Amino acid sequence: MCSSDLLQLVLEGRQLPLDVTVRHPACKTNIMHGSARQQLAAAHRGEAEKKAKYSAMAKTQQAEFLPFSVEIYGGLGKAARKVMKRIASAAEVGPQMLSGKEATRELRGAVAIAVQKGNANIILAEYHRAKSAAARNGRGKAALAA
């Protein structure tokens with residue numbers, strides 16, 4: 001599962017394009033690329049893919065592109081952790097009235113909640129898909145309870 005909506009983050013007066021991707025380290029593709037052997041391999045691969053996709057665009061706009069990759073189990077890629085540190089650092093000098101530590105805690109919480117909501121939506125969608133398939137095949141609720 002991944003997303004490709006490009007965000008424009010304005011930080012310390014600079015526009016920074018940011019793209020978020022959510023990766024499942026146990027999917028076949030990520031396992032083939034080392035996620036079973038190396039922690040956060042799926043997140044790091046996601047960051048590399050996003051950098052490759054947007055580097056030319058960022059260069060044209062004279063902007064710094066920021067990939068933000070998170071795994072469905074909650075692990076953050078290296079660049080995502082840097083983005084959070086930069087936001088927290090900017091919060092300390094801005095009018096947000098949050099310390100860097102508070103901003104980091106709030107950001108981590110918001111990311112964790114968003115990932116878990118996405119996971120729950122996937123589970124519910126698959127449940128409804130299985131329920132519909134069972135009904136079409138005449139197996140009904142008993143097939144889902146087994």
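Small disclaimer: the values here were computed from a predicted structure and weren't measured. These numbers come from the heavy atoms of this one structure, side chains and all, not from hydrogens, waters or symmetry mates.
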Nearest-0.5 Å distance, CG of residue L16 to CD of residue Q8: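 It comes to 8.0 Å.
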If only atom types and distance count, is the side chain of S89 paired as donor or acceptor with the main-chain N or O of K85 below 3.5 Å? no
Report yes if the side chains of I87 and L9 come closer than 4.5 Å at any heavy-atom pair, otherwise no.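 A side-chain contact under 4.5 Å exists here.
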If you look at every heavy atom in A36 and I31, which pair is closest and at what distance? CB-CG2, 4.2 Å
Nearest heavy atoms of S99 and E92, plus distance in Å: C-CG, 3.9 Å
Counting only heavy atoms from other residues, nucleotides and ligands, does the tally under 6.0 Å from CD of Q39 exceed 12? no
Gap separating the OG atom of S35 from the NE2 atom of H44, nearest 0.5 angstrom: 12.0 Å
Do Y73 and V115 have side-chain heavy atoms sitting under 4.5 Å apart?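 Y73 vs V115: side chains apart.
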Are the side chains of Q116 and N119 in contact, using a 4.5 Å heavy-atom criterion?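 Yes; the side chains approach each other to less than 4.5 Å.
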Can you check whether T21 reaches E49 side chain to side chain, under 4.5 Å on heavy atoms?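 The answer is no; the side chains never approach within 4.5 Å.
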side-chain contact (heavy atoms from CB on, under 4.5 Å) between R81 and K78, worked out: CA-CA 5 Å; R81 291 189 304 269; K78 188 182 232 180; 3.8 Å; yes
Looking at every heavy atom in both L76 and L40, which two are closest together, and how far apart are they?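 L76 and L40 have their closest heavy atoms at O-CD1, 3.5 Å.
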Quick check against the 3.5 Å criterion: does S69 have a side-chain atom that pairs as donor or acceptor with the backbone of G77?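 No.
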What I want to find out is whether E47 reaches K82 closely enough, with some N-O distance under 4.0 Å, to be called a salt bridge. no
Output yes when a side-chain donor or acceptor of E71 lies under 3.5 Å from a complementary backbone atom of P25, and no otherwise.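 Not confirmed, E71 side chain does not pair with P25 backbone.
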Once you round to the nearest 0.5 Å, how far does CE of M84 lie from OG1 of T104?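 So the gap between those two atoms works out to 6.0 Å.
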Between CE of M57 and CG of L6, what distance do you get to the nearest 0.5 Å? 5.0 Å
Got F68 and K50 here, is their nearest side-chain heavy-atom distance under 4.5 Å?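 They are not in contact (no side-chain heavy atoms under 4.5 Å apart), so the answer is no.
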Could you tell me the separation between the NZ atom of K117 and the CD1 atom of I122, rounded to the nearest 0.5 Å?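 If I round to the nearest 0.5 Å, the distance is 14.5 Å.
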Close side-chain approach of R105 and R108, heavy atoms under 4.5 Å: no
Would you call R14 and E64 a side-chain contact if the rule is heavy atoms closer than 4.5 Å? yes
Would you give the length of the straight line joining atom CD of Q61 to atom CD of Q15, rounded to the nearest 0.5 angstrom? 8.0 Å
